[in-house]
Amino acid sequence: MSITYLEAIREAQAKLLRDDERVFIYGQDVGGTFGGAFKATKGLAKEFPGRVLNAPISEDAIVGTAIGAAMQGMRPIVEMQFADFSSIALNQILNQAGTHYWRTNMPIPITVRLPSGGTKGSGPFHSQSMESIYAHYPGLIVMTPATVEDAYTMLIEAVAIDDPVIYCEHKYLYYHLKADQLPEKGLPTGRARIAREGRDLTIVSYSAMMQESLAAAEELERDGFEIEVVDLRTVKPLDTDTVLASVARTGRLLCVGESFPWGGATAEVIARVTSQGFHLLDAAPQRLNAKDTPIPYHPNLWSTHRPNAKNVAAKARQLLRE
Amino acid sequence: MSITYLEAIREAQAKLLRDDERVFIYGQDVGGTFGGAFKATKGLAKEFPGRVLNAPISEDAIVGTAIGAAMQGMRPIVEMQFADFSSIALNQILNQAGTHYWRTNMPIPITVRLPSGGTKGSGPFHSQSMESIYAHYPGLIVMTPATVEDAYTMLIEAVAIDDPVIYCEHKYLYYHLKADQLPEKGLPTGRARIAREGRDLTIVSYSAMMQESLAAAEELERDGFEIEVVDLRTVKPLDTDTVLASVARTGRLLCVGESFPWGGATAEVIARVTSQGFHLLDAAPQRLNAKDTPIPYHPNLWSTHRPNAKNVAAKARQLLRE
Amino acid sequence: MLQTAQRTAKSKTKKAASAPSHKTGADKAAPPHDRFLEAFRWMLLTRTLEEKLVSLYRGGLITGGVYIGKGQEAVSVACGLFLQKGDIFAPLIRDQAGRSAFGEPLLDVTRTYLGSRLGPMRGRDGNIHRGHPRNNELAMVSHLGAMISVTVGTLMAKRLKGDKNFVGLACIGEGGMQTGSFHEGMNLAAVEQVPLVVVATNNHYAYSTPNDREFACRDLVDRAIGYGFEGYSLDGTDLGACLDVIGSAVKRVRAGRPPQLVVASVLRLSGHGEHDDASYVPEEVKRQPFARDCLKVAEQTIVDLNLVDAETLGKWRKDAIAQVEEAIAAAQQEPAPEGDKEDWCALSNRGLADQPESPE
Amino acid sequence: MLQTAQRTAKSKTKKAASAPSHKTGADKAAPPHDRFLEAFRWMLLTRTLEEKLVSLYRGGLITGGVYIGKGQEAVSVACGLFLQKGDIFAPLIRDQAGRSAFGEPLLDVTRTYLGSRLGPMRGRDGNIHRGHPRNNELAMVSHLGAMISVTVGTLMAKRLKGDKNFVGLACIGEGGMQTGSFHEGMNLAAVEQVPLVVVATNNHYAYSTPNDREFACRDLVDRAIGYGFEGYSLDGTDLGACLDVIGSAVKRVRAGRPPQLVVASVLRLSGHGEHDDASYVPEEVKRQPFARDCLKVAEQTIVDLNLVDAETLGKWRKDAIAQVEEAIAAAQQEPAPEGDKEDWCALSNRGLADQPESPE
Ligand SMILES: Cc1ncc(C[n+]2csc(CCOP(=O)(O)OP(=O)(O)O)c2C)c(N)n1
Ligand SMILES: Cc1ncc(C[n+]2csc(CCOP(=O)(O)OP(=O)(O)O)c2C)c(N)n1
Ligand SMILES: [Mg+2]
Ligand SMILES: [Mg+2]
């Protein structure tokens with residue numbers, strides 16, 4: 001058996017619908033015979049009648065509705081058609097879901113799935129990685145799974161958690177990643193994972209950039225470098241301890257993210273490591289992000305816009321020389 | 001003569017309307033005899049008939065309208081009633097204004113004024129500092145004036161600039177800050193300002209946190225420390241060179257911001273300084289932000305939620321000991 | 001053009017709305033609605049409370065702002081009065097009367113305004129941003145329009161859970177009707193056919209902005225048909241009409257009719273908040289029929305119909321004052337929250353809280 | 001209830017919309033609209049172009065997606081045809097016919113789809129996300145509804161600048177009508193009384209979602225009155241009707257009438273995009289009158305009325321093919337953008353570009 005990242009997301013939802021009657025799925029085109037723009041809910045409307053519902057093009061109201069349902073004890077999963085369209089739902093996410101527990105003592109257990117990140121030819125409005133915006137605001141948990149296994153167990157976890165979870169699934173990984181089987185349980189939420197051990201340099205990354213980071217690490221291995229790669233798994237909460245422990249071993253830090261450069265996850269990781277583990281560092285920490293422009297449509301431009309194994313490796317090499 | 005930060009904003013708009021017929025102001029309650037929730041446009045509707053217009057409660061459409069007008073050569077100024085409500089306009093700002101020049105080669109010269117930041121008793125939805133969200137996305141300039149003079153000259157600059165500008169004016173400074181007169185010209189956009197010279201430690205801040213930082217610096221002066229305080233003025237573009245030059249002098253860095261802790265301006269400054277000026281630092285860089293919860297209503301809670309002179313000083317002292 | 005046809009339809013609803021006409025007489029007559037007096041007492045309590053809050057605010061005892069519902073108590077009380085256990089209520093800033101009628105204790109109000117640590121918001125949120133979501137009184141966010149879809153969601157959840165006989169009622173101002181969030185919420189309510197009543201109060205201003213800069217349709221009730229709601233107009237200064245029209249709307253959704261939109265016309269008889277002197281409201285507007293004070297109108301009806309005697313009215317008034325005084329005194333004695341004792345965690349799952357700084 | 005009244009009004013507008021009835025005859029008769037043939041040629045060109053784009057996509061020569069307007073050409077062409085120099089056009093994804101009629105060169109299309117560096121989007125944006133804002137053809141963002149207020153803004157600017165005689169026309173799908181952004185834009189257009197025509201095409205699906213999960217009103221044209229627009233229904237399969245109704249709406253706003261909403265009914269005769277086989281559309285829907293192919297209907301009218309002879313029709317067809325081939329061949333020879341030669345700056349003010357990393 002072989003299962004993709006996308007299938008894992010579908011399987012997790014099937015399991016959730018099966019095991020927990022509080023779960024329902026709401027979003028554009030998720031229902032009917034269609035099963036979502038990416039088929040992440042394929043077949044579920046038929047298998048679970050009345051629980052996988054097509055919504056109008058109304059992201060604000062879709063999330064508002066999920067929030068209201070959560071108040072009444074349900075566990076809604078919202079699918080945004082693309083992460084980019086969650087800009088329309090942002091107010092409900094930040095100001096309604098994110099503040100409710102603190103204001104009223106009643107948590108809002110919704111899960112918002114954001115098909116995120118760039119793929120070839122998707123352009124400025126179907127490629128965004130919005131984790132940094134959601135992580136900046138209080139009251140939300142932001143997951144960014146990088147493996148098939150995590151895609152599965154983290155989505156199940158997301159729905160189990162009483163607080164709102166922004167689940168950033170990466171569209172590039174949908175078909176590219178495969179696993180032999182799905183695990184019963186993953187690491188606890190909020191714990192980073194050492195994806196590869198090494199002692200010369202730590203690369204911290206998450207989501208699709210893990211692929212590029214691991215590929216870079218392999219390339220560098222041929223040159224005799226042992227690169228440790230840390231997968232954050234959730235960018236909020238951010239597992240500073242695991243990152244610090246890794247930097248303590250390697251003395252060098254490179255952070256790689258696909259979102260825009262100003263103030264994202266990579267800045268946050270560097271700020272934490274330098275303020276809490278300054279003396280662990282043997283060289284200046286570095287980062288690599290997408291470029292500070294909209295995400296281009298043309299594959300030639302897109303592949304330059306996002307970090308890739310080649311420039312991750314180049315940056316790492318530079319850092320290893322210092 | 002004595003002029004407040006708020007009056008400077010009004011004066012700048014009066015001058016802009018007077019000098020440039022392309023300028024008009026659009027927003028809720030800005031017109032009529034009322035002149036805005038904070039009176040930043042008081043009297044302007046009468047002085048400039050047909051150019052200071054009340055809009056319905058439709059932030060998305062208000063900004064969309066401004067964008068369209070900008071395409072036709074106008075220089076609209078949008079007033080959000082509170083920065084917090086710009087969450088509704090976020091899509092137009094990020095995805096329409098922020099992408100347009102890159103996509104089509106036609107820039108969008110709009111200025112969006114965001115009355116930002118906390119004041120006593122304002123609570124979770126009338127206190128937010130959203131500069132980090134806007135600075136994260138490409139295509140926008142994000143101004144955060146901290147003085148009466150800058151409030152004036154930077155607003156005039158904002159309208160002159162061909163690209164979209166998010167102008168974050170701080171409500172706490174509206175009445176608290178006074179100047180004797182308004183300058184003709186300020187520093188160039190994108191240039192940080194050394195607000196106070198020192199050689200023991202650099203505090204980097206902006207907007208209302210400049211007040212707290214300067215007060216902390218004064219307190220520390222009594223203990224014999226010379227604290228340099230850098231006012232970023234714009235958080236994007238961020239004047240890394242001025243910050244680095246200051247850290248080169250002092251060897252110590254503390255960043256202070258009022259927005260939420262994860263991934264904001266303070267993280268960005270630390271990431272830049274450590275990746276570009278690691279060897280300038282004699283101690284771990286530190287930062288101070290608001291707490292990672294919604295902004296509380298009660299003054300007792302609010303004053304604990306945001307950084308203040310006392311804990312800036314305490315953090316600085318700690319850093320000076322290292 | 002659709003306008004003529006629409007106008008006819010509207011005046012039809014208006015007629016339905018204006019309730020039995022009340023003849024003045026010395027003998028006790030039947031009240032215009034069987035819950036008229038009960039509703040009146042909530043209005044009286046609300047007016048008393050809000051006047052007191054205003055004076056506390058003027059005296060510097062309330063931080064932030066005070067937002068009152070003066071002139072809107074008749075509409076508001078009708079919003080709360082017909083809801084039962086299990087029903088959902090989403091009030092906004094001028095709905096003190098409805099909140100009280102729905103069951104919100106006065107102490108919730110005074111605790112929130114005075115920042116007591118024991119209040120439902122524990123000093124974290126203030127003034128009208130309060131609620132008891134566990135009691136189905138939703139805690140509004142400021143962003144107007146955003147509560148409509150949340151209310152829809154509570155109703156969808158109840159249906160999914162198999163609950164029966166529930167309804168939801170959400171309030172909005174005419175200003176809030178122009179938000180995209182309102183539109184999406186209304187449309188979704190109709191698509192999902194949830195038992196929702198939306199009561200829109202056109203008090204002719206959104207802060208300082210008069211109707212002509214808010215919308216350009218002839219009558220906001222004309223939006224009902226475009227959403228697939230049933231629409232009704234209402235003279236919000238007439239308590240009997242408010243009880244009839246809103247009461248019937250609640251009854252209709254409970255019986256399975258489509259969502260209902262009621263548009264009430266009144267004048268905001270205060271500033272937007274108490275910091276606002278509303279000097280932008282022209283005298284001429286204040287002389288319009290919709291500018292009548294619903295409380296005075298209702299009291300006049302009581303007197304005219306001799307529904308209760310002056311002594312009873314006086315007793316009710318005193319009773320309201322006593323309740324308000326008590327709620328204020330109690331809240332004033334309560335502890336304020338303190339920053340260093342506060343739990344600074346925005347998640348219910350403490351273990352998942354992010355730690356941006358190392359614990360010191 | 002307003003429904004009966006509304007229905008009557010609607011059928012009135014419908015009647016106005018369906019234009020002079022065309023009798024079949026062997027003699028040359030007057031076309032149903034004086035720009036019928038011109039419009040038909042744009043439709044033909046569009047269909048030819050889009051079929052070619054589809055085949056390039058199937059052949060793997062286009063990255064991303066292809067979105068076509070099959071079945072909507074009659075509505076779309078009418079949107080572009082009546083606009084003049086200085087007018088604003090805000091097309092959406094199914095508006096190739098309107099774009100061409102408005103003046104967009106075919107080369108813009110093929111360059112954008114094929115990612116030429118010389119196209120208006122220079123490879124930065126693709127497929128239907130193109131425009132020429134300097135020529136008043138707005139470049140849509142994906143977020144549906146967002147272009148309405150932008151169009152309103154262009155019109156407000158023109159008025160402020162003292163321009164005269166201009167109009168704007170913005171397109172939307174029935175799905176996009178449910179967005180908050182659309183609502184805010186419509187309301188603002190009416191408040192500002194700008195000369196705007198909004199043409200909504202109800203093609204019965206938003207991606208895979210049928211009307212009954214999109215809205216619950218009887219007819220979307222009923223929304224016009226709630227915004228203060230004048231509303232018209234339209235059979236979008238009938239080119240003559242499209243030209244009449246949309247042409248008149250443009251004329252009316254140009255003459256100072258309130259904003260106009262036209263709601264056209266058609267079926268999307270393709271997948272949402274070419275990646276989508278639209279297997280969710282039931283056969284029964286495809287047999288509805290609104291499922292007719294407007295291009296075939298228009299051609300039949302030409303034949304029936306003997307407006308031009310078969311030879312001319314054939315020549316037009318060939319000519320369309322030649323234009324399309326030429327535009328594709330030209331774009332295919334053009335250079336693609338290259339990452340390392342690209343100017344990675346999102347600001348026109350290069351000096352104000354943020355430098356997150358030190359220059360290397
Ligand atoms: C989305 C949004 N924008 C702006 C505001 C600021 N604001 C608060 S109340 C108000 C006026 C509300 O008018 P209306 O809806 O008519 O209610 P009323 O105050 O008249 O009862 C405004 C503009 C807000 N709360 N939400
Ligand atoms: C705000 C927003 N949400 C989701 C989408 C994704 N999306 C693109 S087209 C489409 C369907 C549009 O339906 P409709 O408006 O009826 O236009 P049609 O495709 O039928 O012409 C959707 C959901 C979007 N573009 N914008
Ligand atoms: Mg109002
Ligand atoms: Mg459609």
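Order of the sequence lines sets the chain letters (A, B, ...), proteins ahead of strands, with each chain counted from 1. Bear in mind that the values here come from a model prediction, so they are computed numbers and not experimental data.
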Checking an interface table here. Which of [range] come within a heavy-atom distance under 4.5 Å of chain B?
{"range": "residues 253-266 of chain A", "result": "Ser259(A), Phe260(A), Pro261(A), Trp262(A), Gly263(A), Gly264(A), Ala265(A)"}
{"range": "residues 290-303 of chain A", "result": "Asp292(A), Thr293(A), Pro294(A), Pro296(A)"}
{"range": "residues 95-103 of chain A", "result": "Asn95(A), Gly98(A), Thr99(A), Trp102(A), Arg103(A)"}

Checklist line | Contact leader toward chain B among Ile133(A), Thr274(A), Leu319(A), where contacts are heavy-atom pairs under 4.5 Å | finding: Thr274(A)
Notebook entry, point to check: How far apart are the closest heavy atoms of Ala284(B) and Ser275(A), and which atoms are they?
Noted result: CB-O, 3.7 Å
Could you tell me whether the side chain of [Y] reaches within less than 4.5 Å of the side chain of [X], counting heavy atoms only?
{"X": "Met130(A)", "Y": "His136(B)", "value": "no"}
{"X": "Arg272(A)", "Y": "Arg287(B)", "value": "yes"}
{"X": "Gln286(A)", "Y": "Phe278(B)", "value": "no"}

Check: What part of Val273(B) gets closer than 4.5 Å to chain A, counting heavy atoms only: side chain, backbone, both or neither?
Finding: neither
Margin query: Is Asp84(B) close to chain A through its backbone or its side chain, or both, or neither, when contacts mean heavy atoms under 4.5 Å?
Written below: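 Only the backbone of Asp84(B) comes within 4.5 Å of chain A.
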Item checked: Leading residue by heavy atom contact count with chain A [cutoff under 4.5 Å; candidates Asp60(B), Val235(B), Val269(B)] -> Val235(B)
Notebook entry, point to check: Side chain, backbone, both or neither: which part of Gln92(A) has a heavy atom under 4.5 Å from chain B?
Noted result: neither
Note to self: Between Phe85(A) and chain B, with a heavy-atom cut-off of 4.5 Å, which part of the residue counts as in contact: side chain, backbone, both or neither?
What the structure shows: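 The answer is neither part of Phe85(A).
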Item checked: Distance in Å, Tyr137(A) OH paired with Ser132(B) OG, rounded so as to fall on 0.5 Å steps ->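 Tyr137(A) OH to Ser132(B) OG: 8.5 Å, rounded to 0.5 Å.
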Notebook entry, point to check: Taking Leu90(B) as the fixed residue, which of Leu94(A), Asn91(A), Ile88(A), Leu90(A) is the one that meets the side chain to side chain contact (heavy atoms under 4.5 Å, CB included) rule?
Noted result: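 Of the listed residues Leu94(A), Asn91(A), Ile88(A), Leu90(A), the side chain to side chain contact (heavy atoms under 4.5 Å, CB included) partner of Leu90(B) is Leu90(A).
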Item checked: side-chain hydrogen bond (donor to acceptor under 3.5 Å, both in side chains) partners of Ser86(B), counting only residues at least two apart ->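 Result, side-chain hydrogen bond (donor to acceptor under 3.5 Å, both in side chains) vs Ser86(B): Tyr134(B).
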